[in-house]
Amino acid sequence: MGRIAIYPGSFDPLTRGHLDIIQRASRLFDHVIVAVANNSTKRQVFSVSERLEIVEEAIRPFPNVDVDTISGLLVDYLKAKKARILIRGLRAVSDMDYEFQLASFNRRLSKDVETVFLMPDDQYTYLASSMVREVARLGAGTEQFVTPFVARKLRLKFAKRATQ
Ligand code: ADP
């Protein structure tokens, strides 16, 4: 079965930075599962099924990458998948506080889980889904930040909102 790594996140929406991390993880591990969080506490632009569809489209070039949704505890999901590796992306130092907190918390919940941090290409250091959502909301194109499929979805989403 090999080494399975889980890459969890909101992915609202998936950006080129997330894809960069997915690609790196796919080279390091036998099987990568992108786990789209059904996070009810966060206000979302895309529904879970829309985010799933977006990830599905983006991971087509990677035969060892799959997508799934996750709603419960991350460590329980890892156990169910017989996985021990958690992938997270580290952009700048500003990510560290939150990411270390999360990794430490997950380690306390399960000693078996190892968080592996991957650094994206420099061009993605200041790229965040929240920024992309804001740019799209203000009517600008997002092609440089996301795949053409996502840019189209964002355009449709905010055009629809404007007419509502
Ligand atoms: P969450 O809400 O769980 O933080 P995100 O979708 O915002 O979900 O991010 C998932 C993971 O991907 C996090 O570890 C985050 O730091 C990382 N990430 C987000 N954007 C980028 C990027 N541009 N480059 C590398 N990693 C990123």
Side-chain angles (χ1 to χ4, degrees), residues 4-29 31-59 61-62 65-78 81 83-110 113-137 140-151 153-154 157:
I4 307 170
I6 311 293
Y7 180 32
S10 308
F11 305 110
D12 186 33
L14 183 89
T15 68
R16 291 184 188 273
H18 291 130
L19 256 184
D20 179 289
I21 298 295
I22 290 170
Q23 180 166 29
R24 285 171 203 281
S26 78
R27 291 191 202 122
L28 288 172
F29 302 103
H31 187 190
V32 176
I33 303 175
V34 180
V36 177
N38 195 352
N39 196 339
S40 52
T41 57
K42 280 196 182 179
R43 270 196 64 201
Q44 269 131 17
V45 165
F46 290 106
S47 68
V48 173
S49 58
E50 286 173 318
R51 284 181 278 144
L52 264 181
E53 187 196 4
I54 285 170
V55 176
E56 255 162 28
E57 196 272 342
I59 61 175
F62 311 110
V65 180
D66 281 317
V67 62
D68 198 1
T69 53
I70 174 172
S71 50
L73 264 184
L74 205 45
V75 292
D76 290 341
Y77 181 80
L78 266 88
K81 292 286 169 189
R84 303 182 56 169
I85 302 152
L86 205 56
I87 302 287
R88 294 291 287 178
L90 268 189
R91 286 162 291 189
V93 182
S94 50
D95 274 343
M96 284 202 181
D97 203 31
Y98 175 67
E99 291 295 339
F100 279 27
Q101 213 175 322
L102 200 67
S104 154
F105 206 71
N106 283 323
R107 183 176 276 174
R108 281 197 204 174
L109 291 175
S110 168
V113 172
E114 208 57 69
T115 302
V116 174
F117 295 106
L118 296 177
M119 186 186 142
D121 191 271
D122 288 352
Q123 61 181 315
Y124 305 126
T125 299
Y126 297 104
L127 176 53
S129 296
S130 56
M131 224 84 93
V132 173
R133 291 196 298 268
E134 201 49 35
V135 165
R137 187 174 286 129
T142 53
E143 282 77 4
Q144 56 175 315
F145 310 120
V146 297
T147 62
F149 184 74
V150 181
K153 289 228 162 237
L154 279 166
K157 178 77 69 180

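Quick note: numbers below take in every heavy atom, side chains included, and nothing from hydrogens, waters or symmetry partners. All ligand and atom numbering here is 1-based and tracks the order in the structure.
Glu57 is linked by a salt bridge (charged side-chain N to carboxylate O under 4.0 Å, His left out) to nothing, counting only residues two or more places apart in sequence or in another chain.
Counted by atom type alone, Arg16 and Gln123 present zero donor-acceptor pairs between their side chains at under 3.5 Å.
Only the side chain of Arg91 comes within 4.0 Å of ligand 1, judged by heavy-atom distances. Within the 4.0 Å heavy-atom criterion, neither part of Met119 lies near ligand 1.
Within ligand 1, counting atoms from 1 as listed, the ones closer than 4.0 Å to a heavy atom of Leu127 are 20 (N), 21 (C), 22 (C), 23 (N). Atoms of ligand 1 lying under 4.0 Å from at least one heavy atom of Gly9, given by number and element, are 3 (O), 8 (O), 10 (C). Listed by number with element, the atoms of ligand 1 under 4.0 Å from a non-hydrogen atom of Phe11 are 6 (O). Distances below 4.0 Å separate heavy atoms of Glu99 from the following atoms of ligand 1: 13 (C), 14 (O), 15 (C), 16 (O). Interface atoms of ligand 1 facing Ile21, defined by a heavy-atom separation under 4.0 Å, are 25 (C), 26 (N). Using a 4.0 Å cut-off to heavy atoms of Pro8, the atoms of ligand 1 that qualify are 10 (C).
Distance OG1/Thr142 to CG/Leu154: 4.5 Å, rounded to 0.5 Å. Rounding to the nearest 0.5 Å places CD1 of Ile4 at 10.0 Å from CG of Asp66. Taken to the nearest 0.5 Å, the CG atom of Asp95 stands 11.0 Å off from the CG atom of Leu102. The structure places CZ of Arg84 at 10.5 Å from CG of Leu78, a figure rounded to the nearest 0.5 Å.
One N or O on the side chain of Arg51 and one on the backbone of Ala37 form a donor-acceptor pair closer than 3.5 Å.
Between Pro120 and His18, every side-chain heavy-atom pair lies at or beyond the 4.5 Å cut-off.
Of the options Gly89, Pro120, Ser130, Ala128, the smallest heavy-atom separation from atom 24 (N) of ligand 1 is shown by Pro120.
The shortest separation from a heavy atom of Arg16 to ligand 1 is not under 4.0 Å, leaving the residue out of contact.
Geometrically, ligand 1 and Tyr124 share a nitrogen or oxygen pair separated by less than 3.5 Å. When only interatomic distances are considered, the shortest N/O to N/O separation between Ser10 and ligand 1 falls below 3.5 Å. In terms of N/O distances under 3.5 Å, ligand 1 is approached by Tyr7. Backbone and side-chain nitrogen or oxygen atoms of Thr15 are examined, and none is located within less than 3.5 angstrom of a nitrogen or oxygen of ligand 1.
A centroid separation of 6.0 Å or more is found between the aromatic rings of Phe145 and Tyr126.
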